[in-house]
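This report refers to the structure that appears directly beneath it.
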Number of protein chains: 2
Amino acid sequence: MNLGRPREFNTAQALEAAMQQFWRAGYEATSLQDLLDVMNLSKSSLYQTYGSKHELFLRSIDFYQQVSANDLQQSLDSSLTSKAFMNGLLEDVISEATSKKKKGCLLVNTVNELSHRDKAVSKAVLNGIDNVAGVIKQAIKRGKKEGAIKSTVSTDTLVNYIVSNVSGLRTMVKSGVDKAELTPLVNMIMKTVY
Amino acid sequence: MNLGRPREFNTAQALEAAMQQFWRAGYEATSLQDLLDVMNLSKSSLYQTYGSKHELFLRSIDFYQQVSANDLQQSLDSSLTSKAFMNGLLEDVISEATSKKKKGCLLVNTVNELSHRDKAVSKAVLNGIDNVAGVIKQAIKRGKKEGAIKSTVSTDTLVNYIVSNVSGLRTMVKSGVDKAELTPLVNMIMKTVY
DNA sequence: GAAAATAAGGACCGTTGAGTCCACAATAGT
DNA sequence: ACTATTGTGGACTCAACGGTCCTTATTTTC
């Protein structure tokens with residue numbers, strides 16, 4: 001087995017670099033040349049390994065989604081309370097306001113850029129959102145069990161409420177609203193749930 | 001005055017068509033040819049009248065923003081109460097979930113697509129958001145005056161709260177969440193303010 | 001009706017896009 | 001060492017991109 005010349009690059013590492021590029025610039029604005037530069041490989045290697053720009057994008061979304069959901073799950077598992085977890089989540093989102101980058105969330109960005117006219121992309125994004133929302137649902141359930149959640153609203157609606165606000169906050173951060181303005185907003189969101 | 005051959009097209013009408021196209025497909029994904037098709041004019045006319053694709057985009061954003069802020073203002077002026085206005089606003093947002101189009105909001109879309117790497121666009125979008133937020137601020141103030149708003153949170157934060165949720169709802173709609181799931185969410189948002 | 005002015009049509013331009021292909025390099029099995 | 005197999009570099013294709021420019025058409029002013 002394992003015939004032929006071995007690959008000179010790490011496929012996971014290259015995929016991560018591609019993902020970062022798509023995250024930074026979006027799909028349309030990322031040229032193949034941009035990808036080759038950041039992934040540090042030749043055109044033929046890219047096409048042989050990933051098929052096309054489009055397929056590479058789909059894999060990038062999946063990669064992002066797995067990492068995100070995983071990080072979130074770990075954060076929840078190591079949080080003392082549901083409330084602490086949720087506060088951390090929202091703080092993380094608005095902490096991006098002080099950084100220079102402001103990449104937002106790849107899933108949210110993608111929905112807004114081309115989810116509506118690309119079936120495969122739409123599916124990948126939906127799947128990613130589901131996974132992330134799954135962790136948030138656990139957090140809400142835990143909060144109810146802990147008696148920390150005052151709201152009588154259904155778990156699913158609370159999950160959507162968090163998703164809506166995280167997505168909204170991300171857009172506001174990206175549009176340049178500064179952290180000082182966002183902090184009281186995060187406090188308010190927390191108070192409406194816990 | 002008014003020398004030379006008269007224009008064969010209506011500039012406002014053509015601009016509106018361009019705006020619709022950008023709204024539908026975004027900036028990068030809209031080609032010059034797409035614009036010529038929907039605006040129904042020749043390349044030279046477009047460049048003579050609007051300068052470039054980029055300038056045309058800026059004017060489209062401004063057009064959208066003016067119409068949106070105006071519509072919102074009219075809606076507020078003709079609403080019986082602040083609460084009725086806000087409820088109508090949120091219902092409008094999620095009503096798009098049943099339609100086939102799902103264009104979202106041009107300002108939100110633009111923030112996510114290229115606001116972070118195009119200074120002029122960023123400025124135009126920020127201006128638009130300010131105008132829209134201005135109307136919402138009036139609505140919040142009126143709600144406080146009417147004694148309808150229970151929340152003790154500051155007006156500015158409440159405005160940001162609405163903006164965040166409208167933006168979040170729009171993204172959810174665009175990603176394909178259906179109306180039945182969004183209605184309880186809207187109810188919850190309303191209850192946290194009024 | 002001539003001249004000045006503006007609009008419109010469309011050929012044309014250079015660049016860049018994604019994607020293909022082929023020659024060459026490097027490995028594993030025999 | 002030879003062959004089969006896979007990886008890599010880069011020349012190449014061709015269509016689409018935004019944008020320019022020249023010609024022709026239509027109008028107003030005098």
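So that the names make sense, note that chain A is the first sequence line, chain B the second, and so on, each numbered from 1. For clarity, every value in this text was computed on a predicted model and none was experimentally measured.
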For the pair made of [atom1] in [X] and [atom2] in [N], what is the distance, rounded to whole Å?
{"X": "A:Asn40", "N": "D:dT8", "atom1": "CG", "atom2": "C1'", "result": "13 Å"}
{"X": "A:Glu55", "N": "C:dA18", "atom1": "CD", "atom2": "P", "result": "15 Å"}
{"X": "A:Glu8", "N": "D:dG10", "atom1": "CD", "atom2": "C1'", "result": "15 Å"}
{"X": "A:Leu56", "N": "C:dA18", "atom1": "CG", "atom2": "P", "result": "11 Å"}
{"X": "A:Leu36", "N": "C:dA18", "atom1": "CG", "atom2": "P", "result": "9 Å"}
{"X": "B:Gln48", "N": "C:dA8", "atom1": "CD", "atom2": "P", "result": "7 Å"}
{"X": "A:Phe9", "N": "D:dG7", "atom1": "CZ", "atom2": "C1'", "result": "8 Å"}
{"X": "A:Leu41", "N": "D:dG10", "atom1": "CG", "atom2": "C1'", "result": "14 Å"}

C:dG9 phosphate, OP1 or OP2, under 4.0 Å from B:Ser42 side-chain N/O: yes

Phosphate OP1/OP2 of C:dA8 contacted by B:Ser44 side-chain N/O (<4.0 Å): no

Spatial distance of atom SG (A:Cys105) from atom CH2 (A:Trp23) [nearest 0.5 Å]: 8.0 Å

Test: B:Arg142 and B:Glu146 ion pair at under 4.0 Å: yes

Identify the pairs formed between an N or O of the protein and an N or O of nucleotides 11-18 of chain D at a distance under 3.5 Å, and give each distance.
from: D:dC17; atom 1: OP1; to: B:Ser31; atom 2: OG; distance (Å): 3.4
from: D:dG18; atom 1: OP1; to: B:Thr30; atom 2: O; distance (Å): 3.4
from: D:dG18; atom 1: OP1; to: B:Leu32; atom 2: N; distance (Å): 3.2
from: D:dG18; atom 1: OP1; to: B:Lys53; atom 2: NZ; distance (Å): 3.0
from: D:dG18; atom 1: OP2; to: B:Leu32; atom 2: N; distance (Å): 2.6

Common cluster, B:Ile61/B:Leu35, ILVMFWY with side-chain heavy-atom separation under 4.5 Å: yes

Within 6.0 angstrom of A:Lys103 NZ, more than 12 heavy atoms from elsewhere: yes

Nearest-nucleotide pick for A:Arg7, side chain only, options being D:dC21, D:dT8, C:dA7: D:dT8

Looking only at side-chain N and O atoms, does [Y] offer a donor or acceptor that is under 3.5 Å from a partner on [X]?
{"X": "B:Ser31", "Y": "B:Asp34", "value": "yes"}
{"X": "B:Ser167", "Y": "B:Ser164", "value": "no"}
{"X": "B:Asp37", "Y": "B:Gln33", "value": "yes"}

